[in-house]
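Working notes, structure below.
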Amino acid sequence: MMKGRTVATAVIGATALLLSLPVAEAAQCGNSPAGFEAWKREFSAEAQGKGIGPTALSALMQTNYASATIAADRGQRSFSLTLDQFLAKRGATTIVAKGRQLKQSQAALFASIQQRYGVPPGPLIAIWGMETGFGSQRGNQNMLSSIATLAYDCRRPEFFTDQLYAALKLIDRGTLSGSTRGSMHGEVGQTQFMPKNILAYGTGNLEVAANALNSTANFLKGHGWRAGAGYQPGEPNFAAIEAWNAAGVYQKAIALMGRQIDEGGGAAASR
């Protein structure tokens with residue numbers, strides 16, 4: 001009887017101790033600007049506990065709720081188009097024509113990339129053209145505000161929380177800053193890298209085309225690209241293109257335009 005009472009007393013004591021400890025709760029997501037400032041404070045405390053430094057935390061606290069990013073995230077209708085519609089909307093004929101010129105004018109760069117990573121010029125140039133019009137449209141949104149807003153938003157908080165932590169690490173390292181500009185979802189550079197991919201595959205300043213193209217090839221190689229293998233749907237390297245962007249119509253467009261750039265001649269962006 002005494003033994004049972006001792007055990008019960010110990011259990012009650014342990015329970016009381018657990019209840020008295022502070023509970024670490026994740027910052028709560030929201031669907032409007034109303035809770036963003038409170039979320040930032042909560043997230044900053046979590047981030048500090050995970051080793052994020054004062055420079056990045058200060059940048060995070062200066063972010064604003066990015067309403068334009070939320071609107072863009074809710075309105076990605078082009079990915080529901082047919083392949084022909086998507087190619088027309090994205091200006092594939094122009095991308096292929098310009099891409100063929102760049103393949104010739106920057107032949108040494110693309111030869112170097114192919115030798116190092118095994119990735120031919122076509123898909124790299126197609127991605128470059130599709131993402132930023134060869135560097136002409138890199139976005140003018142505050143990168144950190146965009147990613148912080150999407151990490152706070154309840155639609156995909158897990159994915160963008162990972163991206164936010166990566167962005168904060170890059171700011172701490174000096175690779176990015178709180179004033180870095182990018183596209184609506186926080187992509188930066190000539191081929192539009194998200195922060196996690198910059199950490200894993202980035203080589204140098206991604207606003208410089210050569211660095212961005214090398215980084216893109218590094219990404220593709222890191223996702224299984226095999227030198228000399230095909231990259232059309234059903235071929236070995238198509239999976240690496242799938243890893244670059246989740247939209248099926250985008251993947252097929254890159255493969256098609258890449259082939260037309262690599263082969264040259266013929267009708268641009270026609271199947």
Give every residue pair that meets the ring-ring contact (aromatic ring centres under 6.0 Å, His included) criterion with at least one member in residues 208-242, sequence neighbours excluded.
Tyr201-Phe219, Tyr201-His223, Phe219-His223, Phe219-Trp244, Trp225-Tyr231
Which residue pairs pass the salt bridge (Lys or Arg N to Asp or Glu O under 4.0 Å) test when at least one of the two sits in residues 177-191, sequence neighbours left out?
none
Value for CD (Gln141) from NE2 (His185), rounded to nearest 0.5 Å, stands at 11.0 Å
Can you run down the disulfide (SG to SG under 2.5 Å) pairs that involve residues 206-244, sequence neighbours left out, and say none if there aren't any?
none
Set of residues satisfying side chain to side chain contact (heavy atoms under 4.5 Å, CB included) with respect to Thr180, sequence neighbours excluded:
Met143, Leu176, Ser177, Val188
Please check if atom CD in Glu207 has more than 12 non-hydrogen atoms from other residues, nucleotides or ligands closer than 6.0 Å.
yes
Separation between CD1 (Ile70) and CG (Leu150), nearest 0.5 Å, reads 5.0 Å
What heavy-atom pair brings Arg100 and Gly264 nearest, and what distance separates the two atoms?
NE-CA, 3.7 Å
For Ala210, is there any backbone N or O sitting under 3.5 Å from a side-chain donor or acceptor partner on Asn214?
yes
Does Lys252 NZ have over 12 foreign heavy atoms under 6.0 Å away?
no
Nearest non-hydrogen partners of Ala148 and Thr63, listed with the distance
CB-OG1, 4.2 Å
My understanding is that only residues two or more places apart in sequence, or in another chain, count here; which of them pass side chain to side chain donor-acceptor pair (under 3.5 Å) with Gln85?
Thr82
NZ on Lys98 to OG on Ser105, rounded to 0.5 Å
7.0 Å
For Leu256, which of Val96, Leu87, Ile261 qualifies under side-chain contact (heavy atoms from CB on, under 4.5 Å)?
Leu87
Under a 3.5 Å cutoff, is there a donor and acceptor pairing between the side chains of Gln62 and Ser58?
yes
Test side chain to side chain contact (heavy atoms under 4.5 Å, CB included) applied to Asp172 - qualifying residues, sequence neighbours left out:
Ile52, Thr55, Ala56
Has the side chain of Asn237 got a donor or acceptor atom that lies under 3.5 Å from a matching backbone atom of Arg226?
yes
Is Thr132 reaching over with its side chain to a backbone N or O of Arg138, donor-acceptor style, under 3.5 angstrom?
no
Could you check whether any side-chain N or O of Gln251 sits under 3.5 Å from a backbone N or O of Asn245, counting only pairs where one atom can act as donor and the other as acceptor?
yes
Once you round to the nearest 0.5 Å, how far does CG of Leu102 lie from CD1 of Ile125?
6.0 Å
I need the minimum non-hydrogen distance between Gly186 and Ile147, along with the two atoms involved.
CA-CG1, 3.8 Å
Between Thr191 (side chain) and Leu213 (backbone), is there a donor-acceptor pair under 3.5 Å?
no
Just do the side chain to side chain contact (heavy atoms under 4.5 Å, CB included) check on Thr161 and Leu164 with the steps written out, would you?
CA-CA 5 Å; Thr161 293; Leu164 180 54; 5.5 Å; no
Short question: side chain of Ser145, backbone of Asn142 - any donor-acceptor pair under 3.5 Å?
no
Pairs satisfying disulfide (SG to SG under 2.5 Å), at least one member in residues 132-163, at least two apart:
Cys29-Cys154
Tell me the closest heavy-atom pair linking Pro123 and Asp262, and the distance in Å.
CD-OD2, 3.6 Å
Closest heavy-atom contact between Ser146 and Ala66?
CA-CB, 4.2 Å
Run the numbers on Leu144 and Leu168 for side chain to side chain contact (heavy atoms under 4.5 Å, CB included), then give the verdict.
CA-CA 8 Å; Leu144 193 59; Leu168 295 173; 4.2 Å; yes
Backbone N/O of Gly122 and side chain of Lys103: donor-acceptor pair under 3.5 Å:
no
Just jot down the side chain to side chain donor-acceptor pair (under 3.5 Å) partners of Lys40, sequence neighbours excluded, or say none.
Glu37
ring-ring contact (aromatic ring centres under 6.0 Å, His included): pairs with one or both residues in residues 145-175, sequence neighbours excluded
Phe36-Tyr152, Trp39-Tyr152, Phe43-Tyr165
Quick one: side chain to side chain contact (heavy atoms under 4.5 Å, CB included) partners of Gln232, sequence neighbours excluded?
Glu235, Ala255, Arg259
ring-ring contact (aromatic ring centres under 6.0 Å, His included) pairs touching residues 118-143, sequence neighbours excluded, are Trp128-Phe134
Shortest non-hydrogen separation from Leu206 to Ser215 and the atoms involved:
CD2-OG, 3.2 Å
NZ of Lys169 to NZ of Lys50: how many Å apart, nearest 0.5 Å?
9.0 Å
So, using side chain to side chain contact (heavy atoms under 4.5 Å, CB included) as the criterion, who are the partners of Gln114 when residues are at least two apart?
Pro120, Pro121
To the nearest 0.5 Å, how far apart are CE in Met184 and CG in Asn140?
9.5 Å
Are the side chain of Arg116 and the backbone of Ala217 linked by a donor-acceptor contact shorter than 3.5 Å?
no
Between Ile95 and Gln260, is any pair of side-chain heavy atoms under 4.5 Å apart?
no
